[in-house]
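Notes follow once the structure below has been shown.
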Amino acid sequence: METYFLRLQRGAIVDSHRERNTLAVLTRSTNDILGSLNKPQQEAVTHEGSPLLVLAGAGSGKTRVLTHRIAYWIASGRVEPWQVLAVTFTNKAAREMKRRLEGLIGPDAQSMHVGTFHRMCLLWLRREVAKIDRGPNFSIFDESDQNSLVKKLLAQMGFQKDPDVSPARCLQWISGRKNRLIGPGEPVEEEDSFDRNVINELYPKYQESLRNANALDFDDLIRGAVELFRKDSNTRDKYSRRYCHILVDEYQDTNYAQAELVRLLAGDGENLCVVGDEDQSIFGWRGAEIRNVLEFGDAFSNMTVIRLEENYRSKQKILDAANSVIRNNRQRLGKDLWAARGAGGEVHLETCRSDLEEASRVVGEIRQCCADGDISFREIAILYRTHSQSRLFEDELRRNRVPYVVIGGRKFYDRKEIKVAIAYLKILVNPSDSIALARILNVPNRGIGQRSLEALNAHADHRSLTLFGALDEAGDVPGLTSRAKNAVVAFVGMIEGLQEDSHTLPVAELVNEVLDRSGYWSYLEKEGTREARDRLANLEEFVSAATEYDESDSEEKSLANFLQELALLTGVDLAPEEEGSVNLMTVHNAKGLEFPVVFLVGIEDGLLPHINSSETEKEYEEERRLCYVAMTRAMDRLYLTWAQRRSLFGSIRERDPSPFLFELPDEIIESGREEADFEDSPDEPASDSSGKEMDFRVGDLVRHGKFGMGTILYTSGKGDKLKVSVKFDGDGRRRDLVVKYAPLERV
DNA sequence: AGCTAAAATGTTTTT
DNA sequence: CATTTTAGCT
């Protein structure tokens, strides 16, 4: 609150200071700002007076448009920096945007509000905490906290052994409802009746537990902000008046709740600019609705649309390949990118015999690229669908002494020792956080085992206390051994002592104190194993992270704030910024990035598209977009690889190429076909049980009952599973057919 | 209570 | 295959 007003005042001072000497600066800088942009980009930057939807294809310079639009509006005196709200999808993108804005408009950029939806909502909820249903030091539950809680609740409901009711699935349903702003008590019509019944019971309990723990989950941050603005129009007005200039990046990845939040703040949307690309929507599984882009005009009726289709990143050949894949999606407005950088570029399709060969060929190619001299390691990325694919590449890179970084995966903060340290800290600021408390109550061992915990929990339930409240009454808890009682009393004393210190000590020192007095330091030191030594080292690193926070100049420094910020960090944010290393990451993590050389690996049926998301057309198209996003990361060279055999779940499986590969331009498919060493290509005509002739080869002319004449571009599988990709003369389209079922005949 | 070893289980993507 | 859960033992 105070800072908000301080900012208002500071803004006013800057304002009057500006009056006198802006004119000269102004004309020069607005020209500068527009000079480097193309026509539609300029339009997007200068557009004024109606809600603006920028449909920005991959590599079309959308971050440029966003930053320049902000800079232009500031330079031309329409808004002050502190009136700007820019929402991005990742913290990393926010940091990058801030950096660029500082370059454009100088230190004034500091006063802009640039961050993710979650980060911004956290900021508002903290400032208006008196108006929400939580105490000031609320915890933010991460995925594992949510998991522990749901597990506990499901056990209470008698579902602990039911394989159909996994905590993860339940959480997904709850999250789905929250993202659509459906409260715990509201009726829901969903087809899956079994799930519906469980969730209808679970959701209110879950929400009540969060409340009792003085905690919010990720989705609650958004929902909480929406509720705040809906309920209290004064607060809403305060913020919507403040943010005279609202920009939202990656709009195709926003969910219903986030879109509603934008609507609440932007009002009629006159000062709203959203940037999105329906072809790059890859977070549908998290509740993102492409609809927000496709139906932007419904929410903001007088909107203006500007399309950016000039791609500054990739050479034409790469775009051709990417375009020819994405063209097969039906859920799109439709656009074709063209390369400002002109013709050229390389696209290679490589068929590998095994996943091991895939790794060694990719690494071999990387060494080749870098030995030839014109490419450095940091300009190369290996992209995959799932984290688990990284291992083979890591091994192979290490063997070849090629430096690499794996980006994403939250590994550091997921480590047990770090979670323990964080759980201790959480309890100091928010003793109601029973999930954190249960996690460390007996770490290191102090003789309060499972049975004692159960007794304490039961007592807490019975007397409507938090778990910590029950600890306080240890003496009255039935079923607690006297040894456990003593241990609990000592524990409570320790926590209370630490709580006192938490008001005075900086975070880093407090962490030290916590680890010291809890006995965790000495417990690990006594262990003496290599594992324990690793843990100690990780904790040291955690302490230095805390030191960094203490020394940073963020405005509302406190332990609670430190913990809340920590909760919003992701693997991408934590990636070591190592220059000179090959980059390994999932396609999802690669969004927004670009590399001169890209290897997209594991393009197999079941992996990309992933087996769990190819049921519905909606899911399948999202997988295709994933493929598209990956391909459009490449600037000069794109390698597409797949393996005919891959070890999965511990056993080696035969693999089919991804259907998306058949959608590539013919010459790329041909090149992949030439390189392939098909051990299983049939030497003699095979036939299935019905005796139908099954001899189909690449290049064969075929006739189809419905589609007419066509040419075989690719074959895969064998016997009953023989599939062919046929390009039909009639409409020039390519279709994948299973020979056994298709009315197909060789000519 | 707590440790170790064996068994089961689950594996997509992330703010 | 790798992580988590459980059973059996001390």
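The chains referred to below are lettered A, B, ... by the order of the sequence lines, with proteins before strands, and numbering in each begins at 1.
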Indicate, with a heavy-atom threshold strictly under 4.0 Å, whether [X] touches base, sugar-phosphate, or nothing.
X	answer
T481(A)	nothing
F117(A)	nothing
N91(A)	nothing

Output yes when at least one side-chain N/O atom of [X] is less than 4.0 Å from OP1 or OP2 of [N], else no.
X	N	answer
N589(A)	dT13(B)	no
T586(A)	dT12(B)	no
K92(A)	dT15(B)	no
N255(A)	dT15(B)	no

Whether the T254(A) and N292(A) side chains hold a donor-acceptor pair (N or O, under 3.5 Å, no angle test) is what I'd like checked. yes
Could you state the [atom1]-[atom2] distance from [X] to [N], rounded to the nearest angstrom?
X	N	atom1	atom2	result
Y620(A)	dT12(B)	OH	P	19 Å
R625(A)	dT13(B)	CZ	P	18 Å
N179(A)	dT15(B)	CG	P	14 Å
N612(A)	dG10(B)	CG	C1'	11 Å
D219(A)	dT14(B)	CG	C1'	11 Å
H387(A)	dT14(B)	NE2	C1'	8 Å
K416(A)	dT3(C)	NZ	P	12 Å
W285(A)	dT12(B)	CH2	P	11 Å

Determine whether more than 12 heavy atoms belonging to other residues, nucleotides or ligands lie under 6.0 Å from atom CD of Q172(A). no
Candidates I407(A), N589(A), V598(A) - the one meeting side-chain contact (heavy atoms from CB on, under 4.5 Å) with N583(A): I407(A)
Counter-base of [N], judged by Watson-Crick or G-U geometry with both distances under 3.5 Å:
N	result
dT15(B)	none
dA1(B)	dT10(C)
dA6(B)	dT5(C)

Of E622(A) and R483(A), whose nearest nucleotide on DNA chain B comes first from the 5' end?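 Result: R483(A).
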5'-most contact on DNA chain B (nearest-nucleotide basis), E143(A) vs G447(A), goes to G447(A)
Is there a donor on the side chain of S388(A) or the base of dT11(B) sitting less than 3.5 Å from an acceptor on the other? no
Of all the choices, [options], which nucleotide is nearest to the side chain of [X] once you look at every atom?
X	options	value
N445(A)	dT15(B), dG2(B), dT12(B)	dG2(B)
K151(A)	dT5(C), dT14(B), dT12(B)	dT5(C)
R391(A)	dT12(B), dC1(C), dT14(B)	dC1(C)
R451(A)	dC1(C), dT12(B), dA1(B)	dA1(B)

Do the two ring centres, one from Y620(A) and one from F660(A), sit under 6.0 Å apart? yes
Suppose we call two aromatic rings close when their centres sit under 6.0 Å apart. Are W124(A) and F229(A) close by that rule?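 They qualify: ring centres under 6.0 Å apart.
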Parallel, tilted or perpendicular: which fits the ring planes of Y639(A) and F599(A), with parallel below 30° and perpendicular above 60°? parallel
Pi stacking test for H610(A) and dT12(B): under 5.5 Å apart, planes under 30°: yes
